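These notes are about the structure you will find just below.
Just so we're clear, the structure is a prediction, and the values are computed from it rather than from any experiment. Here is how names work: the chains are called A, B, and so on, in the same order as the sequence lines, proteins then strands, and each is numbered from 1.
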Amino acid sequence: MTGLVTGWGVLSAAGESVSELLAAVRAGAVVGVDVRDRFDEPLPTAQAPAIADFDVRRLLGRKGTSFLDRATALAMVACGRALADGGLTPDDDNRHRIGVVLGTTTGSLKSTMDFSRETLVQDKPYLVNPVLFPNTVMNCASGQAAIRYGLRGVNATVAGGPLAFLYALRYALNALRRGYVDALLVGGVEEYTPNTAWAAELTGAGPAGEAAAVYLLRRPTPGLTEAPRAQVLSVATGFQPEPSVDGLAGCVRRALATAKVRPADVWAIASGDLDADSLSEVVPVAAQRWSVRPALGDCQSVTGALALGVLLGRYAEDPDARGRPALIVGRSRDGAVAAAVVRG
Amino acid sequence: MHRVVVTGLGPVSGIGIGVNEFTAGLRSGRSAAAPITSFDASGFPHHWAGEVPAFRPEALLRRLRVADWGRSALFAAAAARLAAMDAGLSLPATDPARVGAVVGTTSGESTVVEQLTAELVAGGYPTMSAEALRQAPAERLSYAVSAELGLAGESVTLTTACSASNYAIGYAYDLLCWGEADVMVAGGADSVCRWAHAGFYRLGALTEHACRPFDRDRSGILTGEGGAALVLETLEHARDRGARIYAEVLGYGVNCDAHHMVAPNEESVAACMRLAQENAGVKPEDIDYISTHGTGTPANDLCEARAIRAVFGDRVPPVSSIKSMLGHTMGAASGFGAIATTLGIRHGFLPPTINWATPDPQLSWIDPVPNTARPATVRVAQNNGLAFGGNNAITIFGAIR
Amino acid sequence: MSDRDQHMAELREIVAEVLELEPEEVADTADFVEEYEADSLRAIEILARIEKKYKVEIPQAELNEMRSLKAVHEVVARHAGWQD
């Protein structure tokens with residue numbers, strides 16, 4: 001089960017390209033954007049790794065955008081860019097064969113909590129704005145992206161917080177393998193809001209980040225002419241809550257075996273947080289380790305997608321890296337593990 | 001390609017907890033509708049829902065500590081525990097990595113998020129509880145199932161709104177077909193919450209006391225809750241361990257309206273039925289019964305009935321909506337539909353659409369199995385799930401051959 | 001400005017905001033659904049904002065009638081007792 005990455009749409013505090021993303025992650029220092037004027041509510045910090053200057057009206061037009069939440073708007077923009085970058089134009093012949101699979105944590109926590117708050121603070125609890133009701137469902141971003149670009153194929157939202165992108169990638173590979181679709185926009189989105197900022201602060205996961213990263217994944221078929229930026233060879237997942245079991249290493253071994261890649265050939269690993277010797281029991285210490293979180297904060301369901309962006313940036317800048325396999329890995333607080341094998 | 005069968009059922013619903021009670025509830029047309037108790041609904045003109053007041057997670061769960069999980073995760077885990085027991089699965093499995101969980105949901109840990117909202121209203125963001133924040137992510141629904149049953153395989157939560165259980169069943173089916181797992185626990189869970197009640201009321205889509213799908217005078221949904229779980233396994237695995245087989249999963253289809261976030265789309269719903277039937281290798285005339293999405297809103301039932309006619313032509317089989325009994329259990333809804341469908345196949349009956357009084361002249365081709373369960377031979381049955389976001393998902397089950 | 005002009009201007013502003021238009025784009029008799037891609041959610045929100053602003057209660061059944069700015073004005077006038 002494999003898929004070809006033929007396009008990307010990446011927005012993060014570091015900028016709007018994988019090369020800027022790579023540069024920020026390489027520098028390692030948190031990318032701080034002044035967020036003081038964004039909300040009426042107080043924020044835990046004056047600066048945060050949030051996306052600067054995102055103007056939804058400029059990017060998506062006035063119509064249909066004023067009631068979108070930021071996560072949905074970011075996802076829509078990222079999806080559009082991935083389609084354009086991959087040279088795929090949805091039309092009446094192909095739109096039922098193109099879909100969307102996005103990772104999430106809780107959807108837009110702000111949309112849900114704002115809507116819920118209205119039921120507590122209005123004169124009557126039902127005096128909520130119905131136009132905002134769809135924003136409270138966690139598949140809002142994928143549904144709106146499908147509407148905007150006319151994509152009638154498999155449309156799914158996969159929850160997994162820090163692992164959500166890897167789960168989405170696995171879900172997508174299955175849909176491609178089964179022949180349900182020919183192309184999928186696969187990614188994750190997280191918005192920076194007082195809700196996420198305080199949630200990260202209060203649970204010790206901070207600072208909260210903000211990003212949307214979506215990739216166009218194509219089914220490897222003989223007719224496909226676009227040159228892929230990378231190939232996703234396999235994704236393995238599992239649930240290993242016992243600390244005594246090294247679930248992630250086992251998961252990585254399974255992913256490598258499925259991809260028919262020898263552990264010694266792994267050239268790089270990317271994740272949210274990695275140490276210099278992370279996974280050294282499986283993967284050579286010499287393999288590069290890339291961590292997106294120090295620069296971009298806690299980006300939850302986009303973490304894995306940003307890790308893929310970093311690897312794509314490396315493949316693009318370094319001819320020696322081409323053709324060499326790399327890993328994207330993750331582990332959640334509850335003990336879930338996931339690993340993907342890619343090759344640029 | 002492996003064949004996939006249903007060997008265990010775990011309903012935690014307002015008409016019965018556990019497969020025996022639930023079956024009796026379906027057969028007798030029991031209703032879960034009652035005044036809301038899980039939040040203060042006094043300010044709402046309509047204040048009934050299909051809750052599960054008898055749910056005692058501590059009585060059903062063996063491994064999870066109830067205080068560590070939100071209500072929806074507890075519904076999911078309790079349903080999974082019941083399904084595993086019903087399937088006679090020996091746990092932990094010989095190879096736990098070959099057993100996984102897929103759970104669908106609309107609003108995830110909605111009651112946890114509402115607790116956070118109440119804290120925020122009372123004292124501002126910094127007073128939100130860290131423990132509640134840790135419980136809020138939707139992924140914890142499937143993790144609760146995996147932790148409760150000691151499963152080490154894939155554990156994933158699909159948040160595709162009100163068809164999410166069908167997404168879960170479909171994905172689990174694919175993993176089993178492809179030999180990536182031996183057993184998967186699939187289903188869905190959601191909890192009654194204030195914001196959904198308010199939203200549906202505001203849309204004019206919430207009825208007062210009785211949900212009456214396909215009735216001329218239908219006036220909307222009742223919100224509902226619960227957990228639905230099915231144990232799915234490969235046919236070889238089930239036969240090797242001598243498991244009782246309820247039914248076979250024949251296939252499924254998913255597509256997207258790409259039209260409107262809330263309003264269903266007839267053409268797209270019909271296309272999804274065709275996808276599911278093609279995937280399952282069945283024709284419309286093979287299908288003996290449809291468990292509909294049937295929310296009981298004027299718009300949904302009209303759209304769905306028209307889509308059914310477009311696909312089935314003059315041979316529309318009997319259909320029913322168990323939402324008339326359970327209320328709209330959101331992400332669990334198509335899971336309950338799958339359980340009801342499976343039971344209908346196994347025991348030879350069609351679950352009724354209760355509260356039905358007056359035929360709708362606009363739906364003349366619909367036989368809603370009014371008010372009373374009906375004996376019938378069900379060889380193949382279709383289970384519809386539609387959702388906000390245009391996320392349609394339809395599963396098809398058949399008697400084991 | 002007459003009461004009617006004042007009310008029409010206020011209603012135009014509400015309608016424009018919910019339908020994501022500039023007030024001057026909202027013609028008096030243009031059909032919200034046909035001309036401005038309104039849906040039932042937006043129609044209900046228009047109703048809700050009117051109820052809030054003028055402290056009137058308008059049954060949702062009236063929504064079927066409220067398909068243009070002029071029609072909205074007539075319905076609101078009836079329920080708010082305006083003598084426009």
Can you tell me if B:Glu148 uses its side chain to pair, donor with acceptor, with the backbone of B:Ala80 under 3.5 Å?
no

Under 4.5 Å from a heavy atom of chain A, the part of B:His197 involved:
neither

Interchain contact, B:Ala97 with chain A, by part (heavy-atom threshold 4.5 Å)
neither

Heavy-atom contact with chain A under 4.5 Å, split by part of B:Cys177
side chain

Does any N or O in the side chain of A:Thr193 come within less than 3.5 Å of the main-chain N or O of A:Thr196, such that one atom is a donor and the other an acceptor?
yes

Who among B:Val156, B:Asn391, B:Val121, B:Val254 has the most heavy-atom pairs with chain A under 4.5 Å?
B:Asn391

Do we see a donor-acceptor contact under 3.5 Å between the side chains of A:Thr157 and A:Ser142?
yes

Engaged part of B:Leu158 at the chain A interface, taking heavy atoms whose separation is under 4.5 Å:
both

Angle class for the B:Tyr201/B:Phe44 ring planes (parallel below 30°, perpendicular above 60°, tilted otherwise)?
perpendicular

Side-chain ion pair, A:Arg170 and B:Glu180, N-O less than 4.0 Å
yes

Can you tell me if A:Glu190 and A:Ser301 form a side-chain donor-acceptor pair at under 3.5 Å?
yes

So, the part of B:Thr105 with a heavy atom under 4.5 Å from chain A: the answer is side chain

Which region of B:Asp40, side chain (C-beta onward) or backbone (N, CA, C, O), has a non-hydrogen atom less than 4.5 Å from a non-hydrogen atom of chain A, or is it both or neither?
neither

Looking at chain B, which one of A:Tyr126, A:Tyr167, A:Tyr149 has the largest number of heavy-atom pairs inside 4.5 Å, strictly under?
A:Tyr126

Is it true that the side chains of A:Tyr180 and B:Asp174 contain a donor and an acceptor less than 3.5 Å apart?
yes

Return the option, out of A:Met138, A:Glu41, A:Lys124, with the maximum number of heavy-atom pairs under 4.5 Å with chain B.
A:Met138

Selection from A:Leu151, A:Thr258, A:Asn129 maximising heavy-atom pairs under 4.5 Å formed with chain B
A:Leu151

With chain A, which of B:Leu275, B:Asn392, B:Leu151, B:Val262 has the greatest number of heavy-atom pairs at distances under 4.5 Å?
B:Leu151

Once you measure the plane-to-plane angle for A:Phe39 and A:Tyr192, does it fall in the parallel (<30°), tilted (30-60°) or perpendicular (>60°) bin?
tilted

